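Report on the following structure.
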Amino acid sequence: MPPVLTPQAQDFPRWYQEVISKARLAENGPVRGTMVIRPWGYAIWERLEAAIDRRIKATGARNAYFPLLIPEAFLRREAEHVEGFSPELAVVTHGGGKTLEEPAVVRPTSETIVNSSFARWISSYRDLPLLINQWANVVRWELRPRLFIRTSEFLWQEGHTAHATRAEAHSYALKILEAVYADAMTEELAIPVFRGRKTEAEKFAGAEISWSCEGVMRDGKALQMGTSHELGQNFARAFGIRFSDRDGQLRHVWQTSWGVSTRLLGAMIMVHGDDQGLRVPPRLAPTQVIVLTARAGEGVLKAAKTLIDDLSRVGVRAEPDDRLDISLGRRIVDHELRGVPLRIELGPRELAGGQAVLARRVRNSKETFALRGLAEQVPHILDEDQRELLEQATALRDRRVWRAETLTDAIEIATDGFARVPWRACGPGAEDRMAGAGISVRCLVREDGKPVDDPGDDAVEALLARAY
RNA sequence: CGGGGAGUGGCGCAGUCUGGUAGCGCACCCGGCUGGGGGCCGGGCGGUCGCAGGUUCAAAUCCUGUCUCCCCGACCA
């Protein structure tokens, strides 16, 4: 595997600098391991964010913003939740020049502060379902931050909902997993994902059931790309979120929470990146076509401008590169490193023949096209490349997944990929054994593809892998 | 907290074992050439070798102490 694909500190490729940079802990610096997304990376994120946001809103959810600081006592209300998060909290002890009577934590996630509001907002079944989402940065003081994948501060989307029944909460949690997360990952990021249920050991602190999307990186390791939790009535009881039902009974709400983060950018890099740099899916690329003028000349600049206008007219995001003071090779490499999907080269030579060279980043190919009518073909080429990226990623994934019948075989396989093994065959204590080998159950799935209602069912399989 | 490794011009590194004029690549500056895949030639600027102490005629190099950073593991979107 090309080492360049894994964002290890020792092999930061140059293109990494274009997407993200790591802010170091310094006197004037921010939190250790905080991500700073640079303009090109941010523009990619912005498109991804918009794509996810659209899908979230289509489920009926609305955006809101909640406070950054959470009274410590809120965290303590849900026993498992506080236990899960305590070690990684950043705590504010001073404010206004004085020691605070009660410390406040910087949100690691917002269940507690959101639910303290929900308790006041909900009183009737008519208030349900309440579907709220927020885009926010959160802080988790991880022992060991990892670039892209686990930074101390990260930007994400967290959804919080309240429903009248368990069944409603259940189906909503799955709708988010499927119609929002899996769909955006497949269609926008061009990354295929496994959807499944977390084991008791792996589920979210405070949840009854956690569902997740698991991606397979180029090196065979797993990345949890998104989670959707069924919180049952745990937080409802802790925060007193009750409603009068149709029958006049006072009941606790059933809740969900779910999130995806800038980690998705890490997934994009680790799945699609190659030794030439990043490859950005056309749908997410801030610039889809770079029109590169090879040499100066009266006709050339004009032809480039015309082409860009034509491309814009058919809905393609195109930009010129006419920096003739920089060598051609340098300019080409710049765009390759950033993963701009298409590069069209124009020079006197092409112009004389009424042609242009089209270089496709996804398949690393180069062909000559007639200039006339080229713009109209570009949208189709971009669609094709988007599809091809997904196909490549799917093939890559499928090569990494193997079936096993016993836990021993599965552990062997999972040291270098994914093992799919009957969960029942693993038996009690299986997860401890895996942990010894650096492996974990990424999620539980069913052979028939349906969600896992009962982990004890014969049809349930476990997906084992090493994880980021 | 456990196990490794590294601190040398702006960045990346060699030199340390075996003490003897601090070097290389990139970047930067100047001049010229070149311009269809990270340009070439020549000239230049820039470092009290993490810090403190010690040994020695002489320390980046040996000794003692100390600080910092990175990697692997444990925690995790």
Side-chain angles (χ1 to χ4, degrees), chain A residues 6-15 17 22 24-27 29 32-33 35 83-89 107-111 136-159 181 198 201-205 207 210-215 222-229 257-267 276-277 292-297 300 321 323-337 343-352 355-357 359 364 366 368 435-438 440 442 466-468:
Chain A
T6 322
Q8 306 277 351
Q10 66 270 25
D11 47 41
F12 286 154
R14 271 184 43 194
W15 50 265
Q17 298 292 344
K22 181 176 65 168
R24 288 166 187 276
L25 181 63
E27 280 175 357
R32 170 167 173 263
M35 291 199 315
E83 196 187 325
F85 281 102
S86 287
E88 53 192 60
L89 295 179
R107 62 186 168 209
T109 178
S110 305
E111 272 75 6
N137 45 353
V138 293
V139 169
R140 298 182 185 177
W141 213 271
E142 303 287 356
L143 292 176
R144 199 154 76 81
R146 189 165 203 136
L147 288 155
F148 300 98
I149 302 307
R150 187 164 38 257
T151 43
S152 299
E153 180 179 354
F154 57 93
L155 175 58
W156 75 344
Q157 151 287 125
E158 50 174 324
Y181 292 165
K198 286 292 185 185
E202 295 278 335
K203 73 180 188 187
F204 175 72
S210 287
W211 304 94
S212 80
C213 292
E214 301 285 330
L223 182 69
Q224 180 172 305
M225 291 171 61
T227 46
S228 183
H229 312 289
S257 72
W258 27 279
V260 293
S261 71
T262 39
R263 170 181 279 189
L264 292 177
L265 282 180
Q276 277 71 51
L292 188 136
T293 43
R295 273 166 175 274
V300 177
D321 181 349
R323 301 172 296 167
L324 291 167
D325 53 326
I326 299 174
S327 80
L328 183 78
R330 167 78 63 168
R331 290 152 71 208
I332 288 172
V333 169
D334 275 354
H335 301 120
E336 276 177 353
L337 289 169
R343 181 179 78 243
I344 296 178
E345 296 173 4
L346 269 184
R349 196 184 296 166
E350 285 79 14
L351 221 50
Q355 294 180 319
V357 172
N364 280 322
K366 221 166 159 182
T368 303
S440 54
R442 300 322 303 153
R466 288 183 303 143
Y468 277 104

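By convention in this document, chain letters (A, B, ...) are assigned in the order of the sequence lines, proteins followed by strands, and residues within each chain are numbered from 1. Worth saying up front: this structure is predicted, and the values here are computed from it rather than measured.
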For the student: nearest non-hydrogen atoms of A:P108 and A:W156, plus distance: O-CZ2, 4.3 Å

Distance, P atom - from B:rC75 to B:rU8, rounded to whole angstrom: 34 Å

Reported OG1-to-CD distance for the pair A:T151 and A:E142, which is rounded to 0.5 angstrom: 8.5 Å

Heavy-atom side-chain proximity of A:F85 to A:T109 below 4.5 angstrom: yes

Atom CZ of A:F204 and atom C1' of B:rA77: how far apart are they, to the nearest Å? 10 Å

Could you check whether A:N137 gets within reach of a base, just the sugar-phosphate, or nothing at all, counting any heavy atom under 4.0 Å? nothing

Looking at every strand, decide which applies to A:G259 at a 4.0 Å heavy-atom threshold: base, sugar-phosphate, or nothing. nothing

Please state the C1' separation for the pair B:rG54 and B:rA59 - nearest whole angstrom. 11 Å

With a 3.5 Å cut-off and heavy atoms only, can you find an N or O donor on one side and an acceptor on the other between the side chain of A:R343 and the base of B:rG37? yes

Whole-Å C1' distance, B:rG39 and B:rG3: 47 Å

For B:rU61, which nucleotide in any strand shown is its Watson-Crick or wobble partner with both distances under 3.5 Å? none

Rounding to an integer number of angstrom, what distance separates B:rA60 and B:rU18 when you compare their C1' atoms? 15 Å

Answer with base, sugar-phosphate or nothing: what part of the nucleic acid does A:R349 contact at a heavy-atom distance below 4.0 Å? base

To the nearest Å, how far apart are A:E153 CD and B:rC76 C1'? 16 Å

Under 4.0 Å between a side-chain nitrogen and a carboxylate oxygen: does that hold for A:R295 and A:E350? no

Can you tell me which residue among A:L328, A:L346, A:I344, A:D334 is in a side chain to side chain contact (heavy atoms under 4.5 Å, CB included) with A:L292? A:L328

A:R330 CZ - B:rU34 P separation (whole Å): 21 Å

On RNA chain B, more 5' by nearest nucleotide between A:L346 and A:S327 is A:L346

Atom CD1 of A:I149 and atom P of B:rC71 are separated, to the nearest Å, by 14 Å

Provide, to the nearest angstrom, the distance between the NZ atom belonging to A:K366 and the C1' atom belonging to B:rG36. 8 Å

Separation of A:L89 atom CG from B:rC76 atom P, in whole Å? 13 Å

Distance between the C1' atoms of B:rG37 and B:rG4, in whole angstroms? 41 Å

Go through B:rA77, B:rG36, B:rG38 for me and flag the one nearest to the A:L328 side chain. B:rG36

What's A:L264 touching, base or sugar-phosphate or nothing? Going by heavy atoms closer than 4.0 Å. nothing

A:R442 and A:S440 side chains, donor-acceptor separation under 3.5 Å: yes

Just compare B:rG37, B:rC75, B:rA27 and give me whichever is closest to any side-chain atom of A:E336. B:rG37

Counting heavy atoms from C-beta on, name the nucleotide in B:rC75, B:rG38, B:rG36 closest to the side chain of A:E88. B:rC75

Which value, in whole Å, describes the distance between the C1' atoms of nucleotides B:rG12 and B:rG2? 30 Å

The side chain of A:A294 lies closest to which of these nucleotides: B:rG39, B:rA77, B:rG36? B:rG36

Please name the nucleotide paired to B:rC40 by Watson-Crick or G-U wobble geometry with both distances under 3.5 Å, or report none. B:rG32

Kindly say if A:S261 contacts the phosphate of B:rA77, meaning a side-chain N or O under 4.0 Å from OP1 or OP2. no

If we call it a pair only when both distances are under 3.5 Å in a Watson-Crick or G-U wobble match, what pairs with B:rC13? B:rG23

Picking from B:rG38, B:rC75, B:rG36, which would you name as closest to the side chain of A:R295? B:rG36

Hey, does A:I332 reach any base, or is it just sugar-phosphate, or nothing, if we go heavy atoms under 4.0 Å? base

Ignoring hydrogens and geometry beyond distance, is the side chain of A:R140 in donor-acceptor contact with the base of B:rC76 at under 3.5 Å? no

Provide, to the nearest angstrom, the distance between the CG atom belonging to A:L292 and the P atom belonging to B:rG35. 18 Å

Using purine N1 to pyrimidine N3 plus N6-O4 or O6-N4 for Watson-Crick, or N1-O2 and O6-N3 for G-U wobble, each under 3.5 Å, what pairs with B:rC45? none

Does the ring of A:W156 lie flat against the base of B:rA77, closer than 5.5 Å centre to centre with planes under 30°? no

Provide, to the nearest angstrom, the distance between the CZ atom belonging to A:R331 and the C1' atom belonging to B:rG39. 14 Å

With a 4.5 Å heavy-atom cut-off, do A:N137 and A:R107 have their side chains touching? yes

Out of B:rC75, B:rA77, B:rG35, which nucleotide sits closest to the side chain of A:L143? B:rC75

Who pairs with B:rG73 - Watson-Crick or G-U, where each distance is under 3.5 Å: B:rC1

Using a heavy-atom cut-off of 4.0 Å across all strands, would you classify A:E350 as base, sugar-phosphate, or nothing? base

Counting only distance, no hydrogens or angles, is the base of B:rG37 paired donor-acceptor with the side chain of A:Q276 under 3.5 Å? no

Please round to the nearest 0.5 Å and tell me the distance separating atom OH of A:Y468 and atom CZ of A:R150. 10.5 Å

